[in-house]
Amino acid sequence: MRTIKQFLNRQVSAAIESCTGLRDSNANVITASKVEFGDYQANGVMPIAKQLKVNPRELANQVIEELRSFNLNIVERYEVAGPGFINIYLSDTELLRRANAIINGKLPIIPKSEISLRIAVDYSSPNLAKEMHVGHLRGTIIGDAIVRILEKQGHQVIRQNHVGDWGTQFGMLICYLQELQQTNGKEYPAALTDLERFYREAKSRFDSDRKFADRSRQAVVDLQSGDQESQQIWTQFIEESLNHCDEIYSKLNITLDRSHLDSESQYNDQLTGVIKKLSEEGLLSESEGAKCVFLPQFIGKDGSKLPVIVQKSDGGYLYSTTDIAAVHHKSHTLDIDRALYVVDARQSLHFQQVFAVSKEAKFATEKISLEHISYGTMMDSAGKPFKTRSGDTVKLIELLDESVSRAYTLVTEKNPDLADEERKVISEKVGIAAVKYADLSKNRTSDYIFDWATMLSFEGNTAPYLMYAYARIRSILAKANMGGPYETISELKSPLEHLLLTKLIQFPEIVDTVASDCFPNLLCNYLHELAGIFMRFYEECPILSADEDIRQSRLSLSNYSSLVLKQGLELLGIETLTQM
RNA sequence: GUCCCCGUAGCUCAGCUGGAUAGAGCAAUCGCCUCCUAAGCGAUAGGUCGGCCGUUCGAAUCGGCCCGGGGACACCA
């Protein structure tokens, strides 16, 4: 199943081939940049005319003649414009036919991808030594949206939450827990309700008490060599920490659960194998006591070769080693086609190195596509990394709670007549949605300025705007009180209706783009534009008071709008409401 | 020093493989609720797209050089 854009691209390209003999040319069909230019425009003729040294407008005319002979029923007419653009106007009849098939369920809103791939997506990946903080928000939200989109397209998605549960700091935490256990008996899990504080206390012990620090280092060794008591405390700690994560995931409507854990500790027993293989491949060398891989493309500070250190001089392993082992696991055990790593942009060098070493040493199969889906840092309104006034990281749970409580204030203000219970439900959804959407709607690669005022204004290009649009539609459909099913759009009377319908039918094109490029903000932009067009339609075109046939048609168009909005928001991990 | 990212309206940001007169939202000013939810709609105002040069029918987009900001760069993750 192809989208209209893909279809037109192929047709225009074929027409160009008949006119010029050039095969597989880029027809460059895009959504028209302005309504005056039709629904789609093909920009590909001009570069080709230039290449062939012919007049671009003349070639465009020939291509159009050819296209007309194809008799495409989706196209109403073609026009040459400007220096050689081909403007394409879609046929309302055919648009209606397709739209109605989608509304009544004969065609899917989002067609399945032609090929179903096995795709691993690493995302969220909190460090279990601490509580999740705002720094984990982006990766978690963006990753979850990507996962939902890929799954919807019919790919086999394997979520991987690569939690940090094996680092050096766990020795410190285990030791501190042991201390508390000795003084307070079995009370110790209570101390873990505030992991952040627990970590700070342990850290300050570590920094101030030499003996404690030594015991901590020993505890890491004990833990990693399988000491029973250390393991037991560690397990308890991890369990408690994961409970915190689960609470966040559930609050944020994130699809991750315990079955998606792909923890660092799982790779512990594969690390020696990684070193061995690297050595066999002749890639391993020793430098200053550490085992390293030097690849020519990585240059360090003073122009010297930059190592990928895979084993420290004290014998310990690093996260590069674990990540390489994980690539092997994805490639050879999970048979993955595409591996996405939704991780902070600051780790891009790390991933370049891991990917390069993995390919070089054949930990990666030929077919696997390793992609770092990087995102920028979260900043405060002054452009500095996001911290509390006292300089601590902001706990994610507190941020979410604040958003919900601000939403509650707002709902109460906007809709005071609603029962308190309903206002609570609405503010839960709206508060969380606002946080998620504020993040998703920005290009992931840029740094993100987190600002309560902007995000919680609940106006403009925000989740509440989209949710409100949805609630309005549902409200009309409920008021129509005809039992539905509102499955037939029969005519497009106003240009706005044509615009709205065209927009709706383009939904799969955007989903397709996001699936390949992993930029969820494109979907946000689309939904915002769609909601905007609907709002205009709503203001300008009477629905319930229209004559019967138009009323039926507009209700169906509204119904279609609600289906797409709901589906789109769902793909972003945002829930809808029927009233707000 | 090397490499990577960024610089678009007062603020926060879009701008898809170069495409037609650079778009939203917030903030500002002015209109629109006896009418389907005003968390809305319309209108006005606001830009030498950091700078210069180049590639071409066409550049915010591609290339080069500068300026400014951020990040990464050997035993943390």
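Just so you know, these numbers use all the heavy atoms, side chains as well, and skip hydrogens, waters and symmetry mates. To find a chain, count down the sequence lines: A is the first, B the second, and so on, and within it residues start at 1.
You'll find the side chain of A:Ile110 reaches within 4.5 Å of the side chain of A:Phe507, heavy atoms only. Using a 4.5 Å cut-off on side-chain heavy atoms (C-beta onward), A:Phe450 and A:Arg138 make no contact. Side chains of A:Phe351 and A:Ser374 form no contact here, defined as non-hydrogen atoms less than 4.5 Å apart. Between A:Leu496 and A:Tyr538 the shortest side-chain heavy-atom distance does not fall below 4.5 Å.
The side chain of A:Tyr319 has B:rA77 as its nearest neighbour among B:rA77, B:rA74, B:rA39. Picking from B:rG19, B:rA39, B:rA14 the nucleotide with the shortest atom distance to the side chain of A:Asn525 gives B:rA14. You'll find that the side chain of A:Lys34 is closest to B:rU21, out of B:rU21, B:rG19, B:rC13. Here B:rA74 is the nucleotide among B:rA74, B:rA77, B:rG19 with the atom lying nearest to any side-chain atom of A:Ser287. In the set B:rG19, B:rA39, B:rA74, the nucleotide with an atom closest to the side chain of A:Val411 is B:rA39. When the nucleotides B:rC36, B:rG70, B:rA74 are ranked by their closest atom to the side chain of A:Asp447, B:rG70 comes out on top. Here B:rC13 is the nucleotide among B:rA39, B:rC13, B:rG19 with the atom lying nearest to any side-chain atom of A:Ile449. Closest to the side chain of A:Leu349, from the set B:rA14, B:rC16, B:rA72, is B:rA72.
At a threshold of 4.0 angstrom between heavy atoms, the contacts of A:Glu264 are confined to the sugar-phosphate backbone, with no base atom among them. Across all strands, A:Ile543 comes closer than 4.0 Å to base atoms (heavy-atom distances). As judged by a 4.0 angstrom heavy-atom cut-off over every strand, A:Leu410 is placed among the base-contacting residues. Residue A:Glu288 is in base contact, counting any heavy-atom pair closer than 4.0 Å across all strands shown. Nucleic acid contact for A:Ala345: none, since no nucleic acid atom lies under 4.0 Å from a heavy atom of the residue. Counting non-hydrogen atoms under 4.0 angstrom, A:Ala81 reaches a base of the nucleic acid. Counting non-hydrogen atoms under 4.0 angstrom, A:Met580 reaches a base of the nucleic acid. Using a 4.0 Å heavy-atom criterion, one finds that A:Ser348 contacts no nucleic acid atom at all. Residue contacts shown for A:His528 are limited to sugar-phosphate atoms, with no base heavy atom under 4.0 Å away. Using a 4.0 Å heavy-atom criterion, one finds that A:Pro56 contacts no nucleic acid atom at all. Residue-level contact check: A:Phe519 touches neither bases nor backbone, having no heavy atom under 4.0 Å from any strand. As judged by a 4.0 angstrom heavy-atom cut-off over every strand, A:Ser33 is placed among the base-contacting residues. Here A:Thr578 lies in heavy-atom contact (under 4.0 Å) with a base. Within the nucleic acid shown, A:Glu36 has no heavy atom closer than 4.0 Å to any nucleic acid atom.
No side-chain donor-acceptor contact under 3.5 Å links A:Glu264 to the backbone of A:Gly164. Side-chain N or O atoms of A:Asn55 include one that pairs as donor or acceptor with a backbone N or O of A:Glu58 at under 3.5 Å.
Between the base of B:rA20 and the side chain of A:Gln41 there is a donor-acceptor pair shorter than 3.5 Å. Between the side chain of A:Asn87 and the base of B:rA20, a donor-acceptor pair under 3.5 Å is found.
The NZ atom of A:Lys203 sits 13 Å away from the P atom of B:rC76 (whole-angstrom rounding). Between the OH atom of A:Tyr448 and the C1' atom of B:rC5 there is a distance of 19 Å, given to the nearest Å.
Ring to ring, A:Phe355 and A:His372 are not that close: their centroids are 6.0 angstrom or more apart. Aromatic rings of A:Phe37 and A:Phe85 (six-membered ring for Trp) have centroids beyond the 6.0 Å cut-off, not under it.
Pairing of B:rA72, defined by two Watson-Crick or G-U wobble distances under 3.5 Å, is identified with B:rU2. Applying the Watson-Crick and G-U wobble criteria (two distances, each under 3.5 Å), B:rU21 pairs with nothing in any strand. When Watson-Crick and G-U wobble pairs are counted only if both distances are under 3.5 Å, B:rC16 pairs with no nucleotide at all. Look at B:rC49: it lacks any Watson-Crick or wobble partner with both distances under 3.5 angstrom. For B:rC41, the paired nucleotide is B:rG31, the pair qualifying as Watson-Crick or G-U wobble because both relevant distances are below 3.5 Å. Using Watson-Crick or G-U wobble geometry with both donor-acceptor distances under 3.5 Å, B:rG7 finds its partner in B:rC67. Under the Watson-Crick and G-U wobble criteria, each requiring two contacts below 3.5 Å, nucleotide B:rC62 is paired to B:rG54.
One C1' atom belongs to B:rU56, the other to B:rG70, and the distance between them is 34 Å to the nearest Å. When the P atom is compared between B:rG50 and B:rC16, the two are found 14 Å apart, to the nearest whole Å. A gap of 12 Å separates the P atoms of B:rU61 and B:rG18, to the nearest Å. Distance check on atom P: B:rA72 versus B:rG54 gives 37 Å, rounded to whole Å. Straight-line distance between the C1' atoms of B:rA9 and B:rU48: roughly 13 Å, to the nearest whole Å. When the P atom is used for both B:rG69 and B:rC62, the distance is 23 Å, rounded to whole Å. With P as the reference atom, B:rC49 and B:rC11 are 16 Å apart, rounded to whole Å. Between B:rG19 and B:rG15, the two P atoms lie 13 Å apart (nearest whole Å).
Using a 4.0 Å cut-off, some side-chain N or O of A:Lys50 falls inside it from OP1 or OP2 of B:rC57. One finds a side-chain N or O of A:Ser446 lying less than 4.0 angstrom from the OP1 or OP2 phosphate oxygen of B:rA14. At least one side-chain nitrogen or oxygen of A:Asn443 sits closer than 4.0 Å to the OP1 or OP2 atom of B:rG15.
Ring-plane geometry between A:Tyr267 and A:His162 is classed as tilted, the angle between the planes lying from 30 to 60 degrees on a 0 to 90 degree scale.
Place A:Pro83 and A:Asn521 on RNA chain B by their nearest nucleotides, and A:Asn521 ends up nearer the 5' end. Toward the 5' end of RNA chain B, the nearer of the two residues A:Val45 and A:Arg346, judged by each one's closest nucleotide, is A:Val45.
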query: Given A:Gln579 and A:Glu422, is the side-chain hydrogen bond (donor to acceptor under 3.5 Å, both in side chains) satisfied, shown in steps?
result: CA-CA 9 Å; A:Gln579 69 170 1; A:Glu422 297 189 70; 2.3 Å; yes
query: Would A:Ile16 and A:Val12 satisfy side chain to side chain contact (heavy atoms under 4.5 Å, CB included), going step by step from the backbone distance to the final call?
result: CA-CA 6 Å; A:Ile16 291 172; A:Val12 176; 4.0 Å; yes
message: Does A:Gln506 form a side chain to side chain contact (heavy atoms under 4.5 Å, CB included) with A:Tyr40? I'd like the steps, not just the answer.
response: CA-CA 11 Å; A:Gln506 286 169 341; A:Tyr40 287 88; 3.1 Å; yes
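In this entry the base of B:rC13 is anti relative to its sugar, with a glycosidic angle more than 90° from 0.
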Pairs: protein N or O with nucleotides 40-46 of chain B N or O, under 3.5 Å:
{"from": "B:rG40", "atom 1": "O2'", "to": "A:Arg472", "atom 2": "NH1", "distance (Å)": "2.9"}
{"from": "B:rG40", "atom 1": "O2'", "to": "A:Glu539", "atom 2": "OE2", "distance (Å)": "3.1"}
{"from": "B:rC41", "atom 1": "OP1", "to": "A:Tyr465", "atom 2": "OH", "distance (Å)": "2.6"}
{"from": "B:rC41", "atom 1": "O4'", "to": "A:Glu539", "atom 2": "OE2", "distance (Å)": "3.3"}

